[in-house]
Structure formats: structure tokens, C-alpha cells
Amino acid sequence: MDNLLTLLVAGGLTYIMGVPGADDIMLNYQSTSFHDALYAREVFGLSHAPEFAGWLNKMDITNQLGKLQITKAQNPLLEISNF
């Protein structure tokens, strides 16, 4: 799946849906995961959509450069949940 994703992004793919699951090569079943889109963005120097990038930054998921951050206990997403 990684090779296919790389080829598709190199060819201009603009959307990938991450569906975490399991791989079963004997049944020819492979799934993507959320980190696959991050890999493709980093390798090809792509960025998130501006609206989504702003939200990720506001929620302290990414920094100003768009890189993932370590989650802190004061993360806004944890504050709105009932943990």
C-alpha cells in the first residue's frame, strides 16, 4: 500500500482516506492508516488544507510548521472530553 500511495501522490492524488485496520497479504487485503497521509505530505512537501491546518494548530495537534506535537495534559481536545 505504501508503494501505491507514493505513486498516486506523485501522480497528483489530492485525497486519501485513512482507514486503520489490518493487512492480510494472502487475501490481498491491505489498509491505510492515519500516518500514511502524514508520510505522503512529508515526502512530497505538501501541507494540509488551510482551514484544517488552522484547526490542527488551534487544537495544539501541530506546531506552526505543521509537524505533530506531543500531546499535553492541557490539550483543548482533552478538555472538551470527559476524561
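Computed from heavy atoms alone, side chains included, the values below leave out hydrogens, waters and symmetry copies. Bear in mind the structure is a predicted one, so any value in this text is a computation, not a measurement.
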Rounded distance [0.5 Å steps], OH in Tyr39 versus NE2 in His35
10.0 Å
Can you tell me how far OG1 of Thr6 sits from CZ of Phe44, rounded to the nearest 0.5 angstrom?
5.5 Å
Give the table of side-chain donor-acceptor pairs shorter than 3.5 Å for residues 61-70, with sequence neighbours excluded, one pair per line with atom names and distance.
| unit_1 | atom_1 | unit_2 | atom_2 | d |
| --- | --- | --- | --- | --- |
| Asn63 | OD1 | Leu65 | N | 2.9 |
| Asn63 | OD1 | Gly66 | N | 3.1 |
| Asn63 | OD1 | Lys67 | N | 3.0 |
| Gln69 | NE2 | Asp60 | O | 3.3 |
| Gln69 | NE2 | Thr62 | O | 3.4 |

Listed by chain and number, what are the ring-ring contact (aromatic ring centres under 6.0 Å, His included) partners of His48, not counting sequence neighbours?
Phe52
Residues Ile16, Asp36; criterion side-chain contact (heavy atoms from CB on, under 4.5 Å); working and verdict:
CA-CA 9 Å; Ile16 178 77; Asp36 290 329; 5.8 Å; no
Considering only heavy atoms from C-beta outward, does the side chain of Val9 approach that of Leu46 to under 4.5 Å?
yes
